[in-house]
Number of protein chains: 2
Amino acid sequence: MESFSTELRRRKNVQEIKREIAWNTKELFAQKGYSATSMDDICSINNRSRGSIYYHFKSKEEIFLYLIKLNTQEWMDSWRKIEGKYKTATEKLYALADHYVDDLTNPLNHAINEFMTGQVVSQQILDEMLTLIEMPYTLYEQIIKEGIERGEFKPTNPESVKYVVIGLFNGLSTFYFTKELDELRRLYKDAVDLILQGIQK
Amino acid sequence: MESFSTELRRRKNVQEIKREIAWNTKELFAQKGYSATSMDDICSINNRSRGSIYYHFKSKEEIFLYLIKLNTQEWMDSWRKIEGKYKTATEKLYALADHYVDDLTNPLNHAINEFMTGQVVSQQILDEMLTLIEMPYTLYEQIIKEGIERGEFKPTNPESVKYVVIGLFNGLSTFYFTKELDELRRLYKDAVDLILQGIQK
DNA sequence: TTCATTAAACCGACTGTTCAGTCTATTATA
DNA sequence: TATAATAGACTGAACAGTCGGTTTAATGAA
């Protein structure tokens, strides 16, 4: 019991270090993409040696996957925390756009895209990435279906609307490289305005 | 006069070879992105040696820039050829979406995005790329303004709508990696449906 | 028509750099 | 003291670009 407890407190928790490394590295992947982010970059931004990074992660790819998983889960978790504040699907769609923009300080979607097309990866990794990418899709789907059920939205094809909205949010993120964040936030709001004008009853 | 004409016909036109190499290489950049496309790949798909490629292009970067320029110009030229067939801004928007999808057999936008973020390039090259990227924006702008002037569209903010549509088309292209082309074409049409429902009078 | 010459076009081995990952030694901690 | 955690030099592979050599095609002269 006592020795077990000691074991758990042996050093700074390994999981914490892994998370710290991954979060620190997010900025690099977001700004440079996957392949242009070197291990030297990663060591530098984390203030750790090569050996130290490799003690915690088997490869660069593993850091990337770990980060994407972490980022996706946290993004969805934090959405879950705030979505209750909104009563209508309309409000939720605006809020989701805002939530999406919140992550645009360091967007990973471009790095994900590059990774999946440019790297030679196993089918297993590809499938895993695809699952991760599609996880947030359920949120969009829920909002749209809810809007239809509650009579806010026309009985449109929810599947199609879902992909349009996802594509739109994804596509607008490209302007991240040329526009200020508050400009972007406004643009996302305008985009949702537009979509809603089309689907609202 | 006679010698001048002979000079031009010395061998297969150099410009033709450059175009051929660039077009052959498009598929690689589209499928793999910029950095994951190696010079070996490029030699292979062109059935030419290293020396031969470097005789025509100074660098991999120059091939890429040349191709983007070529592709953008051809895309816009072919749009100019067909736009006269459409009478309304509404029709034009659908046609433009279709035209966009036509180029989705080998989309270069992802490679462009990767190149601009991941490669260390001069400010001059960056500016040049940005100009190229923004060239087609004028087409979108014209259609939207025309729609407003002709009374087809509400007097919305054309600037904002322009970016929304561009972002949308760009973002939907990500599904290129997971959906069939005809599915994609349908999705683009649905997207334009949605937008139009919002902006049509 | 043939041949010699010349320059364009092409070839592919080579080069130096970059890079992800390895591994031995060292340090830190319990 | 033993083990976890870290350091950083090293390694082999990959890569874009170089460069000396070869081939090709056009041209003009005989």
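Heavy atoms only: backbone and side chains are in, while hydrogens, waters and symmetry mates are out. Labels below follow one simple rule: chain letters A, B, ... track the order of the sequence lines, proteins then strands, and each chain is numbered from 1.
One can place CD1 of Ile17(A) at 11 Å from P of dA7(D), the figure rounded to the nearest angstrom. Going from atom CG of Asn13(B) over to atom C1' of dA26(D) covers 15 Å, rounded to whole Å. The interatomic distance linking Lys58(B) (NZ) with dT18(D) (P) rounds to 10 Å, in whole Å. In this structure, Phe64(B) atom CZ and dA16(D) atom P are separated by 14 Å, rounded to whole Å. Look at CD1 on Ile53(B): it is 9 Å from P on dC11(C), rounded to the nearest Å. Note: CE (Met39(B)) to C1' (dT15(C)) measures 16 Å, nearest angstrom. For the pair Asp41(A) CG and dT18(C) P, the computed distance is 13 Å after rounding to whole Å. Rounded to whole Å, the distance from CG on Asp40(A) to P on dT17(C) is 16 Å.
Listed pair His56(A) / dT6(D) meets the phosphate criterion, a side-chain N or O lying under 4.0 Å from OP1 or OP2.
Note that the NZ atom of Lys32(A) and the CG atom of Asp41(A) stand 3.5 Å from one another [nearest 0.5 Å].
Using a cutoff of 4.0 Å between basic side-chain nitrogens and carboxylate oxygens, Glu91(A) and Lys87(A) are not scored as salt-bridged.
Within the nucleic acid shown, Thr37(B) comes within 4.0 Å of sugar-phosphate atoms alone, with no base atom in reach, counting heavy atoms only.
Within a 6.0 Å sphere centred on NZ of Lys18(A), other residues, nucleotides and ligands contribute more than 12 heavy atoms.
Lys60(A) contributes a side-chain N or O that, together with a main-chain N or O of Thr37(A), makes up a donor-acceptor pair within less than 3.5 Å.
Comparing dA9(D), dA5(D), dT18(D) by their closest approach to the side chain of Tyr54(B) singles out dT18(D). Comparing atom distances between the Ser49(A) side chain and each of dA9(C), dT18(D), dT6(D) picks out dT6(D) as nearest. The Ser52(A) side chain lies nearest to dA7(D) when the options are dC10(C), dA7(D), dT18(D). When distances run from any side-chain atom of Lys60(A) to the nucleotides dA5(D), dC11(C), dA20(C), the shortest one goes to dA20(C). Of the candidate nucleotides dC10(C), dT18(D), dA20(C), dA20(C) has the atom nearest to the side chain of Ser38(A). Comparing dT22(C), dT6(D), dA16(D) by their nearest atom to the side chain of Arg48(A) picks out dT6(D). Listed candidates were dA5(D), dG21(C), dG17(D). Nearest to the side chain of Ser59(B) is dG17(D).
Partners of Asp103(A) according to the side-chain contact (heavy atoms from CB on, under 4.5 Å) rule, which considers only residues two or more places apart in sequence or in another chain, are Lys26(A), Asn71(A), Trp75(A).
Heavy-atom nearest nucleotides on DNA chain C were determined for Gly51(B) and for Tyr55(B), and the one closer to the 5' end corresponds to Tyr55(B).
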